[in-house]
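Just below is one structure, and these are the notes that go with it.
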Amino acid sequence: QRWPGPSPQPETPAPSAPRETWARKHKFLLSCLGYCVGLGNVWRFPYLCYRNGGGAFLIPYFIMLLGTGLPLFLMELSLGQYGAAGPISVWKCCPLLRGIGVSMLIVSSLVSLYYNVIIAWAFYYLGSSFQSPLPWSCHAPANMGLCQVSAQGLAPGQDAGGDRGSVLQNASGSSSASEAFWNERVLGVTHSPGLGAPGAVRWPLALCLLAAWSLVFLCTLRGTRGSGKVVYLTATFPYLLILILIIRGATLDGSLDGVRFYLSPDWSRLQSAQVWSDAASQVFYSLGIGFGGLLSMASYNRFNNNVIRDTLVIAIGNCCTSVLAGFAIFSVLGHVAWRKRVPVGSVVDSGPGLAFVAYPEALSLLPGSPLWSSLFFLMLLTLGVDTQFGNIEGITTAIVDEFPALRGWRTKTALLGGLCTAFYLLGLLLVTQGGIFWFTLIDTYSTGFGLIIVALFMCLGIAFCYGEWRGQFCRDIVDMICLCPPWCSHVLGYFRVCWAFLTPCLLLFTLIYTFLDTHNVPLRYGTYEYPDWGTGLGICMGVLTCLQIPVWALVALGRESGTLSDRFQKARQPLRSWRTATARDAAGDVIDVPFTITLTSTD
């Protein structure tokens, strides 16, 4: 059933278990901040910053934050809060775009599959950090045959009888002992020829992966009430650890060289399109836009929550965390470069190479290295778990809102247990000897062009297809805020311009550059170049995500009658069950009330 006119009639909902709401506003803020502040803030942003002009990179970064990050972040939060529904059910507002919600579910599932593998690695390294000496240092007995004392590995003024360096000499050249530990002891990648022969399961990693999924299951078992309490620790503890690492790094020789390398501006880099594309992608991914997690968490908000304020606090806090993490990373890497007498750029890496090779090597050179290593991997663990909470919440909310009978305690527990078990079994492929090749493939293509297309259609769909009136979505936000402060009105006007023009243009630019980069630069892991069938499989992941949008649009058109134009007009109208005016009492119960909107001729 659809609206007969601009004023929807209230509909008696089918009896089902009541929907949860956040007990307190700050729990939602902490949950969203923990979801957004993830591993990418630590291992991707600092690397992009130094590669793209140092301090000069902050200019395109904050421009993209204003042009794409904040508008899309507000759109996703507002849509979830106003509709009080998950990524799929919320598209009752425009059934023509229901495929966007299905695409979000696919993206979240693919990300959840490999993201917990990172948490498993962090568990493994955290357990190994309680050994002295650290097993990836040159002081470890297993590495004595790999390392040799050389002038390159010694600090200035230190003689050959002093501390050992961390230079590994082998037939293929020199690398670090920490890299040997990562490739041979952790991954076992040296025993796998490539993507087509993953090899045996690494059972220590399989046990760590089981611990990671068990932790996620237990923490999300009670929904917002359970995870809302956990985030008191997981969302705040990383900031304490980052601050401790910054203070420790500042006391090391060569730390200023690392920070200077991190922030020294190269203004000529601003002329490169890659710099702007990297800035847009970093803002996009670090805020968690298009995954459905933000939308799901916002759906548990009270109707009159000030979503504009939350957007500014969470998005700006997330971006400041990225900058802050760079100081913790580069101060320590600067010390490593000082000890090795090499440029800082030669010890810098990104992704898992930074978190599990370069930085652990740096920590192994510090006095009391087991302590600093334990703190670092505990930080990675809390960052990863928080983000995984949001991913799983997005998946379960999407399913439960489509099938309200699953909201009961037992049924939802069974659903969550089944999801975690299925993800664990599928994730065993990623902890085989060749699992890192599959990990890199899924990581590259699950959040590539498909995710950008999902966000682009979400932006255009809400701006131009949703509602009977131009600017309907802005009116919905004002309805939620109720007494809208003057500054909110000005900010909302800016966002309206972004949704209609600026944000789609920037997303289109990022999408085009992503296609060009995918076509021109073959996918690699180290020296291994992926075969054509592997690249094709990755592209199919992105295509599968994108295909949901036209497929479900055709389904929506097929359910209507009349000419194609009539079908389109009917399919874009909100369903009768879409709550366009909702009030929630202090206990969190939902009450549907009739309302009337008066429009002037200027609207």
Side-chain angles (χ1 to χ4, degrees), residues 120-192 199-209 211 245 248 252-254 332-333 335-342 346-347 349 352-381 431-436 526:
W121 293 338
F123 263 124
Y124 188 92
Y125 270 83
L126 180 62
S128 301
S129 297
F130 293 101
Q131 304 177 37
S132 182
L134 292 173
W136 55 84
S137 70
C138 280
H139 298 286
N143 296 331
M144 288 298 183
L146 300 176
C147 301
Q148 68 175 21
V149 179
S150 67
Q152 185 184 9
L154 300 175
Q158 189 176 10
D159 58 28
D163 193 14
R164 287 182 179 270
S166 59
V167 179
L168 170 67
Q169 300 292 338
N170 53 33
S172 60
S174 56
S175 61
S176 65
S178 62
E179 186 175 351
F181 178 82
W182 167 247
N183 287 328
E184 298 176 14
R185 296 271 300 277
V186 180
L187 299 180
V189 69
T190 54
H191 303 289
S192 174
V201 173
R202 305 284 292 179
W203 290 110
L205 283 184
L207 292 176
C208 292
L209 183 62
L245 291 174
R248 181 66 183 98
L252 300 174
D253 294 322
V332 177
L333 293 182
H335 176 67
V336 175
W338 176 82
R339 293 191 60 144
K340 291 186 173 183
R341 293 183 175 178
V342 296
S346 64
V347 298
D349 203 345
L354 173 62
F356 298 104
V357 177
Y359 206 77
E361 178 190 2
L363 296 175
S364 69
L365 300 177
L366 303 180
S369 54
L371 171 63
W372 301 113
S373 179
S374 300
L375 291 177
F376 175 71
F377 289 110
L378 188 59
M379 179 186 71
L380 291 187
L381 184 63
V431 293
T432 57
Q433 293 169 335
I436 189 64

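Along the sequence shown, residues carry numbers from 1. All values reported here derive from a predicted model rather than from experimental measurement.
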Of all residues at least two apart in sequence or in a different chain, which pass the ring-ring contact (aromatic ring centres under 6.0 Å, His included) check with [X]?
| X | answer |
| --- | --- |
| Phe376 | Tyr359 |
| Trp372 | none |
| Phe123 | none |

### Cationic N near anionic O, under 4.0 Å, Glu361 to Arg339
no
#### Entry: Working for side chain to side chain contact (heavy atoms under 4.5 Å, CB included), residues Ser373 and Tyr125
CA-CA 8 Å; Ser373 179; Tyr125 270 83; 5.9 Å; no
Hey, are the side chains of [X] and [Y] touching, using non-hydrogen atoms and a 4.5 Å cut-off?
| X | Y | result |
| --- | --- | --- |
| His335 | Asp253 | yes |
| Cys208 | Trp121 | no |
| Leu187 | Trp182 | yes |
| Leu126 | Leu380 | no |
| His139 | Leu134 | no |
| Leu245 | Met379 | yes |

### Query
CG/Asn183 to CD/Glu179 distance, rounded to the nearest 0.5 angstrom?
5.5 Å
### Query
Atom OG of Ser178 and atom CG of Leu363: how far apart are they, to the nearest 0.5 Å?
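It is 10.0 Å, given to the nearest 0.5 Å.
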### Task
Over all heavy atoms of both residues, which pair between Ala122 and Phe356 is shortest? Give the atoms and the distance, please.
N-CE2, 3.9 Å
### Task
List the atom of Glu184, the atom of Arg202, and the distance in Å for their closest heavy-atom pair.
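Where Glu184 meets Arg202 most closely, the heavy atoms are O-NH2, 3.1 Å.
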### Message
Under the rule for side-chain contact (heavy atoms from CB on, under 4.5 Å), what residues qualify as partners of Ser128, not counting sequence neighbours?
### Response
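Expected list: Tyr124, Gln131, Pro135, Trp136, Phe181.
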### Query
Are any side-chain N or O atoms of Ser369 and backbone N or O atoms of Leu365, one a donor and one an acceptor, separated by less than 3.5 Å?
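Absent.
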### Message
List the residues meeting side chain to side chain donor-acceptor pair (under 3.5 Å) with Ser137, not counting sequence neighbours, and say none if there are none.
### Response
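Side chain to side chain donor-acceptor pair (under 3.5 Å) check on Ser137 returns nothing, list empty.
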### Query
side chain to side chain donor-acceptor pair (under 3.5 Å) with Thr432: which residues, sequence neighbours excluded?
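Thr432 satisfies side chain to side chain donor-acceptor pair (under 3.5 Å) with no residue once adjacent residues are dropped.
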